[in-house]
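What follows is one structure encoded as structure tokens, with my remarks underneath.
Just so it is clear, the model here is predicted, and its values are computed rather than measured. Note that ligands are numbered from 1 as they come in the structure, with each ligand's atoms numbered from 1 the same way.
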Amino acid sequence: MDLFEGVESLKGIGPKRAEILKKAGIRTLRDFFYNLPRDYENYQAATSIAEMRPGKVVVRGKISELRTRRARRRNLSITEGVVLDDTGAVRVVWFNQSYRARQFEPEKEYFFSGMYEMKNGRWQLTAPSAMLAADVDPSSSLNPVYVAHGKITSRDFRRLYAAARDKFAEIPDLLPGVPAGKRREELFTAHFPETMADATKARKYLAYEELFELLLAARLNRQENEKLRAEIIPFPEAKIRAFVNALPFKLTGAQKRATWQIFQDMGKPTPMNRLLQGDVGSGKTMVAALATYEATLAGGQVAILAPTAILAAQHYENIGPLLGKFGVRTALLTGATKHKPELKKQIRAGEVDVVIGTHALLTDDTEFAQLALVVIDEQHRFGVGQRQKLMLKSPAGLAPHLLAMTATPIPRSLQLTIFGDLDVSILDELPSGRQPVTTKILTEVETKNGLYPEMLRVLSLPPDTKKHGAKAHGQQIYWICKAIEDGDGRESELTSVKKRARRLSEVFPDKVVEFLHGKMKPAEKDAVMARFSAGEIDILVSTTVVEVGVDVPNATLMVIENAESYGLAQLHQLRGRVGRGASAAFCYLITTGDARPSRRLCELEKSCDGFYLAEVDLKLRGPGEIYGALQHGALDLRIASLTDTKLIAQAQIGVNEFLQSGENMLKYQELMAGIKKYQQLTTLN
Ligand code: ADP
Ligand code: MG
């Protein structure tokens, strides 16, 4: 069977259904077979309402008294009703599923499967799944439940799989080193299990397959990188020492270690392919500056790529003068740069040593005479294609060394496994004198009473002793807000930022309040940022455009509105904008509504450690999203969990055996095609 044939070839799938499936990402037979049930229900195990015990239950009954109401908290609708059988009645509740109110016919019987528990002093069945009793196949004890897509319901899917039962036997093997026929057996079992244990075992094998592909991809990447050649950059000890001695501070131990690892990599004839991970404020830029200096000493050019114009400008201002002292010629190249053609000519002629820029660096007409090192800041902000463009700008036959930097830590548990083949340096030490940012969750009420006086206090503190804009009278504040859906229409980013800025200028009439948002022109953004950095603005109201890398040590307080609506990693990043100076710093997370703050926010309140928070995030959200945030294009592991270290270790062994066996990889065509997508994800260049 050709697994890459379209789903139209299956019984029961015409053009209309094929279209719906396509939208859901189910295009081929392979996609179809791997569209595993999201759950299995055991309707045979239904109990009567009178016999229900707390915990997960299945009951069979009719439903009545359905109604939907809005909760006091905005954006929450509650649909409730009563399920009845011959033995009794139980209250059911769904949240934000108002379609439930229309889903049921009062005369018909359904199976309800959900948690039976005590909530607010009452027993209830919470958010059960529901299945028309007449639709349940009485002969099978476990009923697979599929995610519905458009008009194709879970029941439709069950019928489609039943119709395709015979096809399973034709599924070819995928992996080396496993018994023949294993794959099709386990796929079949995943769709038609007899017991829960069978289903679990089948899914485990399928997860193994997935991990095998991912790990193999990482290994092949490494092998490919080792085939490339790069310029050898020697280590001129005395000159580096002089540079380090000229810095306004002492390097942290972590910075020294990372720099040393980088120097060693660049001293080799294979290109460096290193990820520098450091929590926000850990001083990654300085490590990059040292690598840059060494590369220029060897006569090479360096390209430093930053995701935003603000960040590129900031790097240029920070490391430009530093490098300049040692005769390194640095230029800034962003969309707003004037005289671009002249600058590009100079770069081409090798008259500029270091170019710091944004996407503007990637254009075809930006050519280098001798590109030796590429530094990518906040590398997850760039797509694979964009990164690759820059890598191709090195002289013929040579690849540049690559240093990618990220403040989104890869949880250590993944580090050792999935990313085992990646060279990683970690800055796990903040420069001395930093204090953790005091973080506090505020409800709307607390905000009203306490926040403004607190802001006023900070605004009146003497400017931070570290580096502050000459014009600062007091310390400065970030106020983060985002476009929020307000009543009937979508409020734009602009109006919400503007509105907040106006309100704050009313509250603090003698302070300068300005705003920043993503829709502004780069030059406008830079101008506002520059003024904030110089201390001319007291309160900067902004969307998350200040999220990455911005460094204004005199800003010591951050307020984040609607904190609930951001992810943990993003909140940690945002918070990292404060606490960069010598003064105490604060972060207030404003939540709306009267719900208890989420686990996410509570963890953030407790900890400032990015690596710890990354582990928490991994547990809370699952790795797909983490990896997705880390690398453009989500890694959509369908089945495996990247936290399953045992299974990962097994897959690692399988991959090793395969690579050592010397078997011809071309024999495993589907496998090779499958790992292509992972190869792009696990490589930096
Ligand atoms: P990030 O790792 O978040 O990119 P930066 O490179 O922007 O952090 O550094 C944050 C701040 O710390 C900058 O103001 C930088 O000058 C300062 N810094 C870097 N290294 C040190 C150090 N060893 N000692 C003191 N301050 C440092
Ligand atoms: Mg940075």
Candidates Lys344, Lys338, His339 - the one meeting side chain to side chain contact (heavy atoms under 4.5 Å, CB included) with Glu342: His339
Region of Arg434 engaging ligand 1 - heavy atom pairs below 4.0 Å: side chain
Shortest non-hydrogen separation from Glu294 to Met266 and the atoms involved: OE1-CE, 3.2 Å
Which segment of Met405 sits under 4.0 Å of ligand 1 when only heavy atoms are counted: neither
Atoms of ligand 1 close to Thr285 [distance to a heavy atom under 4.0 angstrom, numbered from 1]: 4 (O), 5 (P), 6 (O), 7 (O)
Non-hydrogen atom of Ser282 closer than 4.0 Å to ligand 1: yes
Backbone N/O of Thr556 and side chain of Arg580: donor-acceptor pair under 3.5 Å: no
Residue among Phe586, Phe515, Phe532 satisfying ring-ring contact (aromatic ring centres under 6.0 Å, His included) with Tyr478: Phe532
Proximal atoms of ligand 1 relative to Val280 (non-hydrogen, under 4.0 Å): 3 (O)
SB check Lys284 Asp279 (cutoff 4.0 Å): no
Test side chain to side chain contact (heavy atoms under 4.5 Å, CB included) applied to Leu305 and Thr358, Leu362, Val374, the passing residue: Leu362
Parallel, tilted or perpendicular: rings of Phe235 and Phe263 (30°, 60°): tilted
Ligand 1 to Pro553 polar contact by distance, N or O atoms, under 3.5 Å: no
Enumerated ligand 1 atoms positioned under 4.0 Å from heavy atoms of Lys250: 22 (C), 23 (N), 24 (N)
Atoms of ligand 1, numbered as shown, that sit under 4.0 Å from any heavy atom of Leu251: 23 (N)
Met286-ligand 1 polar pair, N/O distance under 3.5 Å: no
Best match, His315, Lys284, Arg580: closest heavy atom to atom 7 (O) of ligand 1: Arg580
Lys/Arg-Asp/Glu bridge criterion (N-O < 4.0 Å) met for Arg500, Glu561: yes
Enumerated ligand 1 atoms positioned under 4.0 Å from heavy atoms of Thr252: 23 (N)
Short N or O distance, Asp551 and ligand 1, threshold 3.5 Å exclusive: yes
